[in-house]
Amino acid sequence: MSERRLDMRVHEPSHVGRARALAVEAAKRAGLSEDAVGRVALAASELAGNLVKHAADGMLLTRHAPGRLDLVTVDRGPGMRDPKRCLVDGFSTAGSMGTGMGAVRRAADFFDLYSLRGKGTAVLARWLEGDAEPGPAGLVLPAPGESACGDGWRVRDDGRTLTAALVDGSGHGEAAEAAAASALRVVDESPLLPPLDLLELMRERIARTRGAAVALVRIDRGAGLLRFAGMGNIVVRVHEPGAEHSVQLVSSPGIVGHRAQRHRPVETSRQWTTETMVIMNTDGISQRWSLDDWPGVRAADPLLLSALVLWQANRLRDDAGVLVLAGEGGGR
C-alpha cells in the first residue's frame, strides 16, 4: 500500500483553518472530485472545531491514496455522555447550533465514532471514489519535534496471502526513517517470501544503516494460518474470537541489520480466521493498554482503533506506530 500522511495537533481556534487546509490538500492529492473536496473541508472544520471546544489535547490525522481519504480526530478530552445523541442536529454542549457531528456524518461516505466518558473521543470520516478500497489500518507519528518518522508499515495482499510489516528504525529522525524505508522496500519487492527469509533479506539490505526492529505477519487465507517472525521490541497481540485475553507473539531479541546477532529469529504459527484481530505497535506506544480499557471498541473500524491506541497510549517521546489487521482478510 502506498500512501501519504498529514497530521497536526489542534488546541486553539487558529488551528481550525489550518486543519481545514491540511485536509483539503490531502483530498486533492487523493484526486477526489470537487464536490468531495468541499465535503472534506466542511468535515475538517467541524471536527477541528470540536477539538478546540471540547478537548484538552487532540490531533487531526489524514491518510490518503488515489481515490481514498481518511480523516481522523482523536483526543484525551472528557468524552461524550451519549455519542448517539451528539449525532442529532440541534444537540450541543457548547452553546453552538449543534449540527457539527451530524454534518460530518452526512458529508462523509463512511463515518465511525467511539467515545468513552472521561477517556476521550475518536472520529473517522472516510471518502472513497471509483474502485478505491479502505485499505489496511496503520498509523505512525514522529517523535515530538521531528518531521521524519522512523516507524513505518506495509501491507501487501494478493487476495490469498497477506503480508504485513511494522518497522521501527533505531533512534529517530532522518537516519531512523532511512533504515525503516530500506526494510520496507524488501516487503514491496518480495512480499511472498517466507517471514524468516524476509528478515534475512532485510538484514542484508539495511546492514549499513542504524538497523531496525521488525515484526512480520503472514496470513494464508486458504490454509487458515497466521505465521509470525520478528526481531526487536515491537509488540504483536492476537485477539481471537471468544477469547478473554489476547495472546502476545514473541519476537527474538536484537536489531535487524546488526552484524553480530546472538539470537536467530524463529517463526511461530497459529490458526487464523476472519474474526481474528492482530494489533502491532512499536515501543513509542506504552505497553500498559488493553482493549478492555475501551468497552465495545472491537466493533469499531480498524483505523479508528489504530488512532485510539496511537494517541491514548502514546508515550510522547519517540516515534510511534500502530498497525491493526482485522475483519475479512485482515483489513476492512
Side-chain angles (χ1 to χ4, degrees), residues 1-6 61-66 68 70 132-142 148-170 176-206 209-221 226-236 249 251 255-257 265 267 272 277-285 302-303 305-307 309-310 319-327 329-332:
M1 172 155 188
S2 176
E3 64 168 39
R4 294 184 179 181
R5 176 191 52 83
L6 297 168
L61 308 98
T62 74
R63 296 192 329 159
H64 67 278
R68 195 207 80 220
D70 296 316
E133 295 290 340
L139 289 171
V140 298
L141 282 177
C149 185
D151 288 3
W153 61 277
R154 195 73 85 245
V155 172
R156 289 290 177 260
D157 188 355
D158 66 4
R160 176 181 174 85
T161 303
L162 179 146
T163 300
L166 184 61
V167 176
D168 180 358
S170 297
E177 185 176 67
S182 294
L184 292 173
R185 277 195 291 271
V186 174
V187 181
D188 291 333
E189 297 166 1
S190 307
L192 296 181
L193 279 179
L196 286 177
D197 291 345
L198 279 172
L199 280 178
E200 176 60 22
L201 188 52
M202 287 181 182
R203 184 191 67 80
E204 297 174 2
R205 294 282 186 87
I206 68 175
T209 72
R210 287 183 174 182
V214 178
L216 292 164
V217 169
R218 168 71 50 75
I219 294 173
D220 184 332
R221 295 184 177 91
L226 182 154
R227 299 164 62 187
F228 167 77
M231 179 167 282
N233 53 5
I234 293 176
V235 175
V236 180
L249 304 182
S251 294
I255 297 293
V256 177
E267 182 181 294
W272 175 86
M277 176 185 290
V278 180
I279 305 178
M280 310 162 70
N281 67 263
T282 65
D283 66 351
I285 302 296
L303 182 61
L305 177 54
S306 290
V309 175
L310 183 73
D319 300 328
V322 180
L323 178 58
V324 176
L325 307 175
R332 192 184 279 191

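Hydrogens, waters and symmetry mates play no part in the numbers below; they use all other heavy atoms, side chains included.
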Can you list everything that forms a side chain to side chain donor-acceptor pair (under 3.5 Å) with [X]? Sequence neighbours excluded, please.
X	value
Thr282	Asp151
Arg185	Ser182
Arg227	Glu267

Shortest non-hydrogen contact between [X] and [Y], atoms and distance:
X	Y	answer
Gly169	Ala179	CA-CB, 4.4 Å
Ala164	Val155	CB-CG2, 4.0 Å
Ala137	Pro302	CB-C, 3.4 Å
Gly150	Ala180	O-CB, 3.2 Å
Arg210	Ala176	NH1-N, 4.1 Å

Next on the checklist: I'd like to know if Asp158 pairs up with Arg221 as an ion pair, taking the criterion as any Lys NZ or Arg NE/NH1/NH2 lying under 4.0 Å from an Asp or Glu carboxylate oxygen.
Outcome noted: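 No, no charged N to carboxylate O under 4.0 Å.
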
Next on the checklist: Could you check whether Asp70 pairs with Arg68 (Lys NZ or Arg NE/NH1/NH2 to Asp/Glu carboxylate O, under 4.0 Å)?
Outcome noted: yes

Distance in Å, [X] [atom1] paired with [Y] [atom2], rounded so as to fall on 0.5 Å steps:
X	Y	atom1	atom2	answer
Leu201	Glu189	CG	CD	7.5 Å
Met202	Thr209	CE	OG1	11.5 Å
Trp153	Leu323	CH2	CG	6.5 Å

Any side-chain heavy-atom pair of [X] and [Y] under 4.5 Å:
X	Y	value
Leu303	Leu305	no
Leu325	Val217	yes
Leu310	Leu61	yes
Glu204	Val186	no
Ile255	Ser170	yes
Val322	Ile285	yes
Phe228	Leu216	no

Item to check | Check against side chain to side chain contact (heavy atoms under 4.5 Å, CB included), Leu139 and Arg63 | outcome: CA-CA 8 Å; Leu139 289 171; Arg63 296 192 329 159; 3.5 Å; yes

Item to check | Audit row: Thr161, Ile219, side chain to side chain contact (heavy atoms under 4.5 Å, CB included) steps and yes/no | outcome: CA-CA 6 Å; Thr161 303; Ile219 294 173; over 6 Å; no

Checklist entry - Between the main-chain N or O of Asn233 and the side-chain N or O of Ser251, is there a donor-acceptor pair closer than 3.5 Å? => result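 It does not hold such a pair.
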
Checklist entry - Do side-chain atoms of Thr163 reach the backbone of Pro191 as a donor and acceptor pair under 3.5 angstrom? => result yes

Next on the checklist: Test side chain to side chain contact (heavy atoms under 4.5 Å, CB included) on Val278 and Leu226; report intermediate values, then the result.
Outcome noted: CA-CA 10 Å; Val278 180; Leu226 182 154; 3.6 Å; yes

Item to check | Any residue meeting side chain to side chain contact (heavy atoms under 4.5 Å, CB included) with Ala212, in chain and number order, not counting sequence neighbours | outcome: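 So Ala212 forms a side chain to side chain contact (heavy atoms under 4.5 Å, CB included) with Val167, Ile206, Val214.
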
Checklist entry - Partners of Glu177 by side chain to side chain contact (heavy atoms under 4.5 Å, CB included), sequence neighbours excluded? => result Ala148

Item to check | Pair Ile234-Asp283, side chain to side chain contact (heavy atoms under 4.5 Å, CB included): steps then yes or no | outcome: CA-CA 6 Å; Ile234 293 176; Asp283 66 351; over 6 Å; no

Show me the donor-acceptor pairs, under 3.5 Å and distance only, between side chains in residues 193-200 and residues at least two apart or in other chains.
unit_1, atom_1, unit_2, atom_2, d
Glu200, OE1, Arg203, NE, 3.2
Glu200, OE2, Arg203, NE, 3.3
Glu200, OE2, Arg203, NH2, 2.7

